[in-house]
Q: 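Here it is, the structure, as structure tokens.
All chains are named by letter (A, B, ...) in the order of the sequence lines, taking the proteins before the strands, and each is independently numbered beginning at 1.
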Amino acid sequence: MSELSGDNPDELVFLRTADAYRNVQMVELPKGDWAFSMMRQYLFDALEMVRAGRLMSSLYRPLAEVASKIRPEELYHYRHTSNWIKRLGLGTKESNRRSQAALDVLWPAAAQLFVRTPENDVLIEAHYLPSALELERDWERLVVPFLETAGLRIPVGDPPVTASRDHHTPHLAELLADLQEVARLDLGAAW
Amino acid sequence: MSEGKKSTQHTIAPEKVWEALQGVKDPEIPVVSVVEMGIVRDVSVSGDQVMVKITPTFSGCPALHVIKADIEASILRLGADNVNVETVLFPPWSSDWISEEARRQLKAFGLAPPPTHGGRLEITFYNVAAYPYCDAADTVIKNTFGPTLCRAIYYCNNCQQPFEQFKAL
């Protein structure tokens, strides 16, 4: 990434403040209980897997080739978390209750994964990247039936998160403070 | 052997290179060679330069650096003047490329070999790994990630022992 932008990698990692990050809010949220962590990871792994699948037919050859390496491996991440969601959803009353509570929070948050990013329009039109709509359809076709077999209800009613990726929760600044603290103590240090 | 001095052009036959590479073992699984694992994709010789193309197995596998260095060293020992080991990502490595002999070696080593999948990786998720020591399929997967990226952790109910399976990819 730093080769493409010309930025110093250490600066990107250790000096960027929250406002310079582009990510969905779902990944900023605190880890919660095990069900929450697994549910968040599951929904994200499902997206990574369908996206890698779509990228295999990208017209940008280097991307298609890398995707053909990544896609089979994503299957293992998906297997790991989907196994956990099944165990938790079909486990005890307690594990089902916690999994449902996690899904109730994360389902509207996951909507933000499919918010259109206008800066990618050119790449999408060139068939270098899949559209948000394609990804959303692939993702729903995968996760909805699966969650139902795991004994969970797809939440309805809560408004989806539609913010663009430069809007963050206060959690991101806290996370970055933790992650960047040591480097910032002495910026000139050689590690 | 004192061959390989810069003043003499020393061309090595590709067959000799392949033979030497049979001696380069997977650092994590020292009973199988990088050739048997399907890691070495191509060998070519041009004048005094030997070129080897390798493909990484699992992304981020830390053994790749060691494999590259070991390949270079083994070819230099043959007397080659120049060795170039190139990593190619495409086509991506498939566990179907692991030879039959290597599968036997893996099993003898105590590592359940990966099921073949013919390009449809999803079907392997219905595969039940057999415990290499009792061959019973009365096993259950405990974790899709093990001590290395390439291994999953299983448990044999018959023997009440955990074991690892080399993952299909």
Q: With only heavy atoms counted, which part of B:Ala168 is less than 4.5 Å from chain A, the side chain, the backbone, both or neither?
A: both

Q: Quick check for you: to the nearest 0.5 Å, what is the distance between A:Leu75 atom CG and B:Leu169 atom CG?
A: 9.0 Å

Q: Within a 6.0 Å radius of atom CD on B:Glu100, are there more than 12 heavy atoms belonging to other residues, nucleotides or ligands?
A: no

Q: How far apart are the closest heavy atoms of A:Tyr76 and B:Thr144, and which atoms are they?
A: O-OG1, 3.8 Å

Q: Heavy-atom count around B:Arg120 CZ within 6.0 Å, excluding the residue itself: above 12?
A: no

Q: Please answer: with hydrophobic residues joined when any side-chain heavy atoms are less than 4.5 Å apart, are A:Met38 and A:Val144 in the same cluster?
A: yes

Q: With rounding to the nearest 0.5 angstrom, report the CZ to CZ distance, A:Arg61 to B:Phe90.
A: 5.0 Å

Q: Taking everything shown except A:Phe146 itself, do over 12 heavy atoms lie less than 6.0 Å from its CZ?
A: yes

Q: Compare every heavy atom of B:Pro92 with every heavy atom of A:Ser68, then report the nearest pair and how far apart it is.
A: O-CG, 3.4 Å

Q: Please examine the side chains of B:Asn143 and A:His80, heavy atoms only from C-beta on, and report whether any two atoms are closer than 4.5 Å.
A: yes

Q: Considering residues, nucleotides and ligands other than B:Lys25, do more than 12 of their heavy atoms fall under 6.0 Å from its NZ?
A: yes

Q: Give the minimum heavy-atom separation between A:Arg87 and B:Lys142, together with the two atoms involved.
A: NH2-O, 4.1 Å

Q: Would you give the length of the straight line joining atom NZ of B:Lys167 to atom CD of A:Glu73, rounded to the nearest 0.5 angstrom?
A: 8.0 Å

Q: Would you say A:Val24 ends up clustered with A:Val115 if hydrophobic residues are merged whenever their side chains have heavy atoms under 4.5 Å apart, either directly or through other cluster members?
A: no

Q: Tell me, side chain or backbone of B:Thr57 under 4.5 Å from chain A's heavy atoms, or both, or neither?
A: backbone

Q: Does a sphere of radius 6.0 Å around CZ in A:Arg153 hold more than 12 heavy atoms from other residues, nucleotides or ligands, not counting ones at 6.0 Å or beyond?
A: no

Q: Any donor and acceptor pair, going by atom type alone, linking the side chain of A:Lys69 with main-chain N or O of B:Pro91 inside 3.5 Å?
A: no

